[in-house]
Structures are given as C-alpha cells and as structure tokens.
Chemist: 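My structure is below; once you've seen it, I'll send some questions.
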Number of protein chains: 4
Amino acid sequence: MSQDRTSKKGKPAGRPRGRPPSKAARQKALQAARDILMREGFGRLTVEAVAARSGVGKPTLYRNWANASELAMAALMAGEVETTEAGDARLETALGGQMRALVRAFATTRGRQIAIALAAADPESEMTKAFRNRVILSSREAGRGTIEAAAARGEIGPVDDIEALLDMIYGPLFYRLLVGHRPLDERFADNVVAIALRALGVGNRP
Amino acid sequence: MSQDRTSKKGKPAGRPRGRPPSKAARQKALQAARDILMREGFGRLTVEAVAARSGVGKPTLYRNWANASELAMAALMAGEVETTEAGDARLETALGGQMRALVRAFATTRGRQIAIALAAADPESEMTKAFRNRVILSSREAGRGTIEAAAARGEIGPVDDIEALLDMIYGPLFYRLLVGHRPLDERFADNVVAIALRALGVGNRP
Amino acid sequence: MSQDRTSKKGKPAGRPRGRPPSKAARQKALQAARDILMREGFGRLTVEAVAARSGVGKPTLYRNWANASELAMAALMAGEVETTEAGDARLETALGGQMRALVRAFATTRGRQIAIALAAADPESEMTKAFRNRVILSSREAGRGTIEAAAARGEIGPVDDIEALLDMIYGPLFYRLLVGHRPLDERFADNVVAIALRALGVGNRP
Amino acid sequence: MSQDRTSKKGKPAGRPRGRPPSKAARQKALQAARDILMREGFGRLTVEAVAARSGVGKPTLYRNWANASELAMAALMAGEVETTEAGDARLETALGGQMRALVRAFATTRGRQIAIALAAADPESEMTKAFRNRVILSSREAGRGTIEAAAARGEIGPVDDIEALLDMIYGPLFYRLLVGHRPLDERFADNVVAIALRALGVGNRP
DNA sequence: ATATAAACGAGACGGTACGTCCCGTCTTTCG
DNA sequence: CGAAAGACGGGACGTACCGTCTCGTTTATAT
C-alpha cells in the first residue's frame, strides 16, 4: 500500500510499526562480505555468495543494499573512522605521520578493493557518496585542517590553491593503488610530504 | 617467432595457410565497443552486446580478446598515441601545455571509462599492462622526459625524488576522475603545474 | 479450521480475555480473494496479494487458512449452498432442471477456477474435503436422491450401478470444464440427461 | 517435437545456421522431469529441480519449454502413443477393452499428475493443446471411431448426440481422478461401458 | 581448377548470478 | 491478547551474460 517509510508526521513517532530490521542480519552480512572481499576479491563478492556464507536471505540483503557493489562499500566502510587530530605538531610531523598511517592502511588487499569498489559504483548513489566522504575524502579533509592550522599559526604563509595541493598529496596514493606502477611504502609517503612542504615554502633549497 | 617457412619467390614469410584473420571484424568490434562505452558505459559493455551491435561472432571476439574488459581497454586504446615531444620549451610552458591537453582529453565520459576499465581489469594480463603503459603512464613518462631535459639544461636543479613528484603531477588527475569530488578543468591543470614548479624551486616566493 | 475457534464455553464467561477474532477480517479477506480470482485467476491468488488488497495481515490469514489454495477454496465456497430439493417432479424434469442450473452456474470464469483449485489442493486436507463435498459432490448427491426417489415410486426400475451412473451424469461437466474441448451449454445438459434416462430405460427406442 | 521453429521456406533449406539444438539435452530434461513427477509430484517439479537433476542448464530448459508446467506436460506426453485400433470386435468388447486399459493406465500417480498438469496449464498455449489432444482426447477420439464403426455395420442404430455420449464415457474417468471420491478400478470401467451400451440400445432390459 | 584449411556468423550449450516474488514464520506496537 | 504491520530465512522464478562448443559458409593458399 503506502511505500512511505519515513512517515513524517508531526508526532514524535516512536517505533514505526512492524518488526524492526535486524541489526544482527546486517552485521552478519557485512562480516561475510568482508571475508569474501579479503579472501577472493571484489569480483567474487556476489549477493548470492554473501547470502550463502552469512545465512542471511537475499531479499534481506536487497532490503539493505541496492546491489553487490554497495554492499562491498558498506563492508569496506565499517569501522573506518580513525580520523587524525588536526593537532599542534609541526606541519611536517603531522602530515608525515598521517601519510605514513594512510600508506600502511592502504598497502593491503583492502586498499585495492577500495579503489575498485569506488570505480565500480554508481557515482550518484547515496552509499557511494558516503563511502567517498568517509573512506576516500576524510583523510583529505584532515590534511586540509592540518595545513590550515599551520597557516593560522604562521608556520607557513597563506595557501591560495589548497584544493589542488590536497589532491597532489592524497591523489598519488590512489594513483599507485590503481595503476600499480610503483610500490606504496613509507619512503613514498615521506617523499610526497617533503615535496608538498617544499611547494609550501618550508625547507626550501637556498 | 620462427620465420622458417618455405616460400616461393621473395615474399617475406608466407601466409600460414587458411583464411587469414579479418582486420575488418576487429575494426567493427572495436567501433561497436567504443559506441557502447560512450553511450551506455562500461557496465553495459558485454561481449554479447558487442557481437550483436557489430555483427561479429562471439568466438571471433574471444579469439581476439580474452574478455569484455580487455575488449574495453582495446577500444579505449585505439588511436591514443599523441605523445607530446620532450621539446626545448621552458619547463612551465611544456608541463602546462601537456597538463591542459590531458585534462581536456580526460574530462569526458571516456576519461571515467578509462579509470573504471583499469580498476576492473586483471592487473596481471598483458593487455592491462599495455593499456597502463600506453594510456595511463605514457603521459607520466613524457613528463619525466620534460623535467629531466630541464634539469639537463640547468633550468632546474637535480631532482632526486622524481618518482613521487611525477605521481603528484599525474595522480591528481585520476584522483579527481575516480572520486569526482572536484571538476577537472584547466584551472586545476595550471594549479597543479604551478605547485610542482614551486616544489622544484622555480618561481618561489621571496 | 475455518469455523470460529472462539466459542470456548457455553455462555457464562463474557469475552475470553483479549481482543476477539475479527469476523470482519475474515470477510474482507474472502472478498479480496474472490476479486482476485475473478479478475486475475487462480495463479495470482497469493496470500500476499490478498493481504495487500484486503488490508488484513498475513498472520491473520494464516490463522484462518492453511495456504493460498485453501483460501481460494473458501472464497469459492462462500454462498454456495443452493442444493436442489429431491422433489416429486418427473425424473426428466428434475434431473434436467438441476443439470441446466449447474451448467449455468459453472459456465463462467468461476467454474474453471473451481476445477483448478480442486486440482491444486492437497487432497487430504479438511478444507479440500469440505470443498469437494459442498461444491463438487453436493449436486451428485442431489442427483442420487432424485434417482432413488424415482426408483422408490416406480418411475424407473432398481439401479444397481448407480455410482457409475452418477459419475456419468456429473463427470462430463467437469471434463468439459477442465479440458475445454467443447462448450458448456444447455444443449449439452439436455443431451446428458437424455442419454442417462435412456440408460435407465426411460424413453427407450422401440 | 514441441516447437517447430525451423523456418518453413520454399527452399529445401539445409540446416538453419548455427549449432543445432541438442536432442540429448531435451531427453535428459524430460527424463528428470518424469522422475520428479513420479517421486515427488507436480508441485515439486520446478525448473530449478529439473536443471539440477538432469545437468541441463536452466536457459536451455527455457529455450525448449515456456515454464515448469509445459515441461511437465511434455514429460507426461513422452511415449504416449498407444492408440487402440478401431477394430471389428463387438462394440462391448472393443469399448470395454479400451476402458479397462485406460483405467489401468490412469489409476496411478501419473494419472493424477496428468489431471493436475492440465488444470495448471495455460489453456491457450500450443503445448497445452497438444497435450490435450494426445493425452486427454485421443482415447475419446478412438472411442468415437469404435462407436461409429459399430453404427456403420448396423450393430447399433445411428447416434445423434455422440459428443455428449463420448463425454459421458471418458469424463467420469477424469472426474474420479480429480475428485477422488471413488476408486478407479475395472469394475468402474465395466459399469460405465455397460451403462453406455444400454443408452445405445444394446442389451436393454426387456 | 580443385583441394585443404583456417577463420567466419550464427547460435545452442552448461553455468553463475542477477533482482523479484511469494512463501510461511517471527517479532514488534497498537487497540 | 489478538490483529496490523512488516522484516526475516528460504526457495523458485525467468533473464542476462559468461565462455565454450558445434555447425555450415566464406576466403585464402597450395596443389
């Protein structure tokens, strides 16, 4: 009959009416998806396989996620939040630490699965946007905070083209992840940060 | 590899015996693949669809490409060569020109299809490697040539961490393509080049 | 199953405690089932569809009927009772009248739905037996009464193989309904009765 | 057998063009369907189950039959032909023999499956019509031949309402099959034939 | 000219996964 | 405490493509 799930009535509206969605089912599905992603890769993460491994019914999966790639993103997102503090450390220390952590986090199977999932997803879906913001762009935003804090306290001058600069710091990580032409290691992290700092006028050659 | 073939006359290496593979079939298939990629996207580029649209039989497609994603890469590669000269122009001019051209070339549907194709492909296959080298990394190598030429003629000092620097120039393009958080435009191209030059010690702030 | 479960005691207890079973719900469900049967056919009569159309909850439906085909039979049974009197009319008049009425009643969409419902039902269930007795066999029993009355008053001789004869009178109706090779009309009703009477020695050829 | 897709052009027309349909696959599917029908009944004859048991792919099944009930009919039809001769035997002998054979053939699980399949099928489909003609109506037509032969050689007088008579001979069989109120046995067969003969004026009571 | 052979198109094959429908059960809130 | 609402695990549906495999046909070269 009525498809309106939100039922935006004036009432404070306690619980909606019927049996509530099962958190347990969602958790089991995400865990199974994570397992498959790590053991067999994105291409084998089918809705059918998740249903079989998790014991959750297919219709329940489709009630929660629109397709396999949204399920993959949800699995990759779960427990992702570790945002670094904008802190007071010197810019090099702060950026370098974050970059090294990122490299460690992404230089795994999961890193490439994240890139593939992003490529395969419908770029307009809400889930994709959430994934993008929480998994891909959150570090970029942390970096923006770090740099702006350094500018505010006078460690560096004002930065006018910060968007491009941020892409130059965080883009290379995904570039290497996707293209695979060179390894993702800490030396790489350090070099990227060093170059960015030179561009910011820190530690320039004489 | 082996050339040993009894051939009358001065013909270079006689033909194998039966009907030769049809170039026309390959061309029709690639054209159909290109059409589908541009009109419907990577997800709809199936071997079946290419066969139906091109009139080429499925076995012929499989004789030429291992699967749909290799066919996609082949279609995206066709007519790709335009490598920029390493030229003698000033570094900023050369890099900026190349970057603007790249942005123009990739800020299209095709650009995103390229990124998706790369993500979906088996990273070990020969076709993927060729695609990576010709479509993704050729501009990076051109940039390396440009920068090394500038160093050689003394326009800039020696660059020790050039790999990271190249990734910081070309990575952001794919980052924006894949993530879609900001537009790919010429202002972006100019900003990236400007920041890279600052890092190289060109046009630094006083 | 279909009858009221609530009548727990004779009288003294007022209401049994909670909310009483709703007769209205049962009626709404049966009406919805009838609608669907007539408009869309037996194959579309699902418990889900009846719940949606009637506003009655699925558990309530299952409380009253074991599955969709019992619900169908219940819907087809409702208001079915019109059993003809065994009367004193001449045999031909009585049988012919009943047969014509039967043909009129079954030569409709509903007739075929009844045959289908019977075929699809679990032949052992109580509901099926009730359906069989009330909808399929009640006319046959009426016919038995008519014939036995005629024998009792000497209009015909004793009939020893009356079971087969009854099947020969009422079977053809369902045969045509199910197989559909010839129309169900009054000429057919008359011919069947005429042949049966000849077999009973009434109006034989000289 | 079931569908004649071969383009009926004026040309002698060799083979159509591609790989020809596999008779073996069709045979395996029918055998599996027969097995399931006999062991588990019509309700368990799903396309999925036939695919699993036969090793034939689901799309191949759908290429040959429109749905499970057509597959069931095809399975029930296979090897069905045994049409009785119109013969010169006395009418009672001929009809009685056929009727007893029919009762033996249908008084099995298969008999009820046939009735159910007929009820469940789309009455307009070609397959249903073929099933009806070959499985349900072929005996009726044989009976017509037998009776007309008897009339032609003067054993009985002319029969004007033969359609109704035929339904009264063959209808009761399906009636008992479907309704299940009385057993299908040879006594029943004999009684039906005897009553029909009385109606035809053979062996009437004095 | 005539074999011979390879590649061609067509299209059916056994499969896997899709996303949907409905089943019959269960858990929750409301009356 | 029963009825509505509605999510659940399950199973089958019918479809889309996969990559493989015959087929009969076409187009070359080699005899």
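Letters go in sequence order (proteins before strands), and every chain restarts at 1.
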Chemist: Output the distance between atom CZ (D/Arg26) and atom CG (D/Asn64), rounded to the nearest 0.5 Å.
Modeler: 5.0 Å
Chemist: Starting the side chain at C-beta, find the nucleotide from F/dG14, E/dG19, E/dC8 nearest to D/Lys58.
Modeler: F/dG14
Chemist: In whole Å, what is the span from the CD atom of A/Glu70 to the P atom of E/dG19?
Modeler: 11 Å
Chemist: Could you check how far CG of B/Leu61 sits from P of F/dC18, rounded to whole Å?
Modeler: 10 Å
Chemist: Hey, does D/Arg110 have a side-chain heavy atom less than 4.5 Å from the side chain of D/Arg34?
Modeler: no
Chemist: Check the distance between F/dT22's P and D/Arg63's CZ and give it to me in whole angstrom.
Modeler: 15 Å
Chemist: By a strict heavy-atom criterion of less than 4.0 Å, which residues belonging to residues 45-52 of chain B are in contact with DNA chain E?
Modeler: none
Chemist: Between D/Arg19 and B/Ala25, which has a closest nucleotide on DNA chain E that is more 5'?
Modeler: B/Ala25
Chemist: Of all the nucleotides listed (F/dC8, F/dG6, E/dC8), which has the minimum atom distance to the side chain of A/Asn64?
Modeler: F/dC8
Chemist: Could you check B/Ala68 against D/Asn67 and say which one's nearest nucleotide on DNA chain F is further toward the 5' end?
Modeler: D/Asn67
Chemist: Rounded off to whole Å, could you give me the CH2-to-P distance for the D/Trp65 and F/dG14 pair?
Modeler: 14 Å
Chemist: Both A/Tyr62 and B/Arg26 contact DNA chain E. Which one's nearest nucleotide lies toward the 5' end?
Modeler: B/Arg26
Chemist: Does any residue of residues 35-43 of chain C have a heavy atom under 4.0 Å from DNA chain F, and if so, which ones, in number order?
Modeler: none
Chemist: For A/Gly55 and for B/Arg44, locate the closest nucleotide of DNA chain F by heavy-atom distance; then report the residue assigned to the nucleotide nearer the 5' terminus.
Modeler: A/Gly55
Chemist: Are D/Lys58 and D/Val47 close enough that some pair of their side-chain heavy atoms sits under 4.5 Å apart?
Modeler: yes
